[in-house]
J.: 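Sending over a structure as C-alpha cells; questions will come in a sec.
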Amino acid sequence: MAALPSQARQGADSAPGASAPRVAPAEATAPHPAPRTGVAALSPRYQVAAALALAVVGVAACVHLLMVFLSLAPANTVTKQHGRAVEQWVYPEFEQNWKLFAPNPLQQNIAVQVRAEVRMKDGTLRTTGWTDLSAQDGAAIDGNLVPSHTQQNELRRAWDFFVATHTADNRPVGMRGSLSEQYVSRIVVMRLYRTDPISRDGVIRRVQVRASTTNVQPPAWSRERVSDKPVYRVMPWWTVTADEAAGGVR
C-alpha cells in the first residue's frame with residue numbers, strides 16, 4: 001500500500017541521520033533611540049530662537065535685579081550719575097522699602113476715610129457718612145492673585161506723601177504740602193463719585209479726610225498689652241474745585 005505524501009514526509013523527517021530543518025537566524029535589530037524632548041525636539045531654527053529668548057529673559061532679569069539693588073543701596077557713584085534712570089525703572093511698579101524690618105517695623109494699621117458735603121439736585125446739602133477707602137482697597141486685594149497697582153499703592157502712597165509734607169497739626173510744609181493736599185483731594189473725590197450713592201446723585205462741594213490708626217495686637221502668648229482703640233487724625237474741610245465738582249475726575 002503506498003504511503004500518503006504527508007506520511008512520507010513525516011517518515012523522511014524522522015529517519016535516522018536526517019538533519020534538522022534550518023531555521024533562519026533572527027535579524028539583529030538595533031535599539032530605537034529615545035525620543036527627544038524639550039528644546040532638543042525642536043528644529044535647529046527654533047532651537048536658536050529659544051536660546052535667544054532665554055538669553056533676553058536672563059539679561060532682563062539681571063538688569064531688573066541690578067536696578068532694584070541700586071534703588072535700595074546707599075548713595076554711590078553709579079546712583080549719582082544714573083539715579084534718574086534707576087528711579088524711572090523702579091518707581092512706582094517695583095518700589096521696595098525696609099518698613100518690614102529694622103529699625104522700626106510697622107506695628108499699626110492706618111485706614112484713610114472720607115466724608116463729603118454734597119449739593120443734591122433739589123438744592124439741599126447733605127453730609128455723607130464716613131467711607132473707609134482703605135477697607136475698599138483691602139477687600140479688592142484680598143484673594144486676588146493679581147491685584148492692580150492702583151488698589152495696592154495709590155491711596156497708601158498719597159497718604160504717605162501727605163503725612164511727610166505736613167506738620168502734626170496738619171499745616172502744609174512748602175509747595176509740596178499744598179500739592180499733596182490736592183492729590184489726596186482728587187483721589188477721594190474720584191472714589192466717592194464711583195462708590196458713594198449720595199455723591200453720585202449730587203455734586204460734591206467739600207470733603208473731609210481722616211486717618212484711623214489702630215495698633216496691631218501682639219500674639220496671644222505675649223505679655224505686651226496695647227490699646228485696640230483707633231486714634232483719629234482729622235483734616236479740616238477741603239473745598240472741591242469747580243472742575244472736580246463737575247465730575248472732571250470721575
Side-chain angles (χ1 to χ4, degrees), residues 31-112 133-166 173-177 179-188 190-191 194-195 211 216 248-250:
H32 294 289
R36 294 184 298 177
T37 59
V39 177
L42 302 175
S43 64
R45 182 174 60 182
Y46 287 106
Q47 288 182 7
V48 172
L52 289 175
L54 290 174
V56 170
V57 172
V59 171
C62 292
V63 170
H64 176 70
L65 292 176
L66 177 62
M67 290 295 190
V68 173
F69 170 78
L70 290 174
S71 70
L72 296 174
N76 53 68
T77 303
V78 176
T79 54
K80 290 179 180 178
Q81 294 181 356
H82 306 287
R84 182 70 175 173
V86 173
E87 291 180 357
Q88 290 178 346
W89 180 282
V90 173
Y91 298 101
E93 287 81 4
F94 307 114
E95 178 191 6
Q96 306 289 322
N97 57 59
W98 298 101
K99 290 184 178 180
L100 183 62
F101 305 102
N104 294 312
L106 292 176
Q107 298 181 359
Q108 296 174 326
N109 289 322
I110 301 176
V112 179
L133 302 181
S134 297
Q136 292 178 355
D137 286 345
I141 294 171
D142 189 22
N144 189 347
L145 297 179
V146 285
S148 72
H149 174 71
T150 300
Q151 293 166 340
Q152 297 180 83
N153 295 318
E154 181 186 57
L155 183 63
R156 179 181 61 83
R157 291 294 308 278
W159 185 251
D160 287 345
F161 180 32
F162 178 88
V163 172
T165 55
H166 281 72
V173 178
M175 294 183 59
R176 287 174 59 84
L179 180 62
S180 67
E181 286 185 9
Q182 298 174 18
Y183 185 42
V184 173
S185 176
R186 291 179 67 86
I187 290 175
V188 299
M190 177 178 61
R191 296 280 294 270
R194 289 178 179 175
T195 62
V216 175
V249 296
R250 297 192 193 191

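Residue numbers run from 1 in the order of the sequence given.
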J.: Shortest non-hydrogen contact from H166 to G177?
T.: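 Scanning both residues, the minimum pair turns out to be CE1-O, 3.1 Å.
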J.: Can you pull out every side-chain hydrogen bond (donor to acceptor under 3.5 Å, both in side chains) where at least one residue sits in residues 63-75? Sequence neighbours excluded, please.
T.: H64-W89
J.: Nearest 0.5 Å, please: how far is CZ in R157 from OG1 in T150?
T.: 12.5 Å
J.: Indicate the atoms forming the closest heavy-atom contact of A158 with V184, along with that distance.
T.: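 For A158 versus V184, the nearest heavy atoms are O-CG2, 3.7 Å.
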J.: Kindly compute the distance separating CD (E154) from OH (Y183), expressed to the nearest 0.5 Å.
T.: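 Reported value, rounded in 0.5 Å steps: 5.0 Å.
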J.: Would you give the length of the straight line joining atom CG of N144 to atom CD of Q152, rounded to the nearest 0.5 angstrom?
T.: 8.5 Å
J.: I want to check something: taking the side chain as every heavy atom from C-beta on, are S134 and L155 in contact at a cut-off of under 4.5 Å?
T.: yes
J.: Restricting to side chain to side chain contact (heavy atoms under 4.5 Å, CB included), what partner residues turn up for L66, sequence neighbours left out?
T.: L70
J.: What are the two closest non-hydrogen atoms of A140 and Q151, and how far apart are they?
T.: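 Looking at all heavy atoms of both residues, the shortest contact is CB-NE2, 3.5 Å.
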J.: Output the distance between atom OG1 (T165) and atom CD (E181), rounded to the nearest 0.5 Å.
T.: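 Reported to 0.5 Å precision, the distance equals 8.0 Å.
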J.: Find the distance between CD (Q182) and CZ (F162) and round it off to the nearest 0.5 Å.
T.: 12.0 Å
J.: What distance separates M67 CE from T79 OG1, expressed to the nearest 0.5 Å?
T.: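 Output value for this atom pair is 11.5 Å.
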